[in-house]
Amino acid sequence: MKLLIDDANTAAIRRLYDYYPIAGVTTNPSILAKSGRQPYDVLEEIRSIIGSDADLHVQTVAGDTEGILRDAHAILRRLGDNTLVKIPCVPEGFRAMKKLHEEGVRLTGTAVYTPMQAYMAAMCGAEYVAPYVNRIDNMGFDGVAVVKQIQDIFDNNALECGILAASFKNSQQLLELCAYGIASATVSPDVIDGLFSNPAIPAAVDAFTKDFEKLTGAGKTMDL
Ligand code: G3P
């Protein structure tokens, strides 16, 4: 499973890219609004941090097909032709996806709450679909089960579309999808940091250090 950052905080993106094998960044209009910066200012900085080859998913905002097409072309012009254009899985969005797929544009179907939205986006040529795990949980359904069902639909219908699972609030949701072999997940910095927040982990590492220092002296490491 590829891990992406679902955030536009450039300091957090730089830090996480430095520490972990991160495959890209996703944003949506709400994430951009949270940054408090103008959309292309922050997106161009993100592109420069992650490099021109990394996956950057950027969402359209217009509500009608023609507007979505204009948004998509502007995104590609400003951020590079390999940028994945995220389009909401609604009727106008599907219509735009079909046209953009014919142009060879890389597409991510987003705002996915139901398996048939994902199926339709895949049929329209989306490279990824983004089901919202935690938001589905909050509606009283099982977000992880919905993602697994989408994967089964893709496998059983030979659809070459990957899942970019989104909207996570905890490690368990991510763990279950990683174990199922889901292609990718996009996760906020706090959830990524939380993957390793078990106090047993630093306690074990501290005990190793203390034992070694008893043998060799304070501050000593294997670089003796
Ligand atoms: O990009 C959409 C998705 O990641 C939403 O996440 O945390 O707002 O439910 P969240």
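Counting starts at 1 for both ligands and their atoms, in listed order. Please read all numbers here as calculations on a predicted model, not as lab measurements.
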Q) Between the side chains of Ser188 and Asp7, is a donor N or O closer than 3.5 angstrom to an acceptor N or O? A) no

Q. Does a salt bridge link Arg95 with Glu92, judged by any charged N lying under 4.0 Å from a carboxylate O?
A.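 Salt bridge present between Arg95 and Glu92.
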
Pairs of donor and acceptor atoms involving the side chains of residues 217-224, under 3.5 Å and at least two apart or interchain, shall be tabulated with distances.
from   : atom 1 : to     : atom 2 : distance (Å)
Thr221 : OG1    : Asp223 : N      : 3.1

Q: With sequence neighbours excluded, tell me which residues meet side chain to side chain donor-acceptor pair (under 3.5 Å) with Arg70.
A: none

Q | Listed once per pair and sorted, the side-chain hydrogen bond (donor to acceptor under 3.5 Å, both in side chains) pairs that draw on residues 145-159, sequence neighbours left out | A |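 Listed once each, the pairs are Gln151-Asp155, Asp152-Tyr180.
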
Q: Taking Ser184 for its side chain and Ile163 for its backbone only, find out whether a donor-acceptor pair lies under 3.5 Å.
A: yes

Q: Using heavy atoms and a cut-off under 4.0 Å, could you grab the residues that are in contact with ligand 1, chain by chain, numbers ascending?
A: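 Lining ligand 1: Asp6, Asn28, Lys86, Tyr132, Arg135, Ala166, Ser167, Lys169.
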
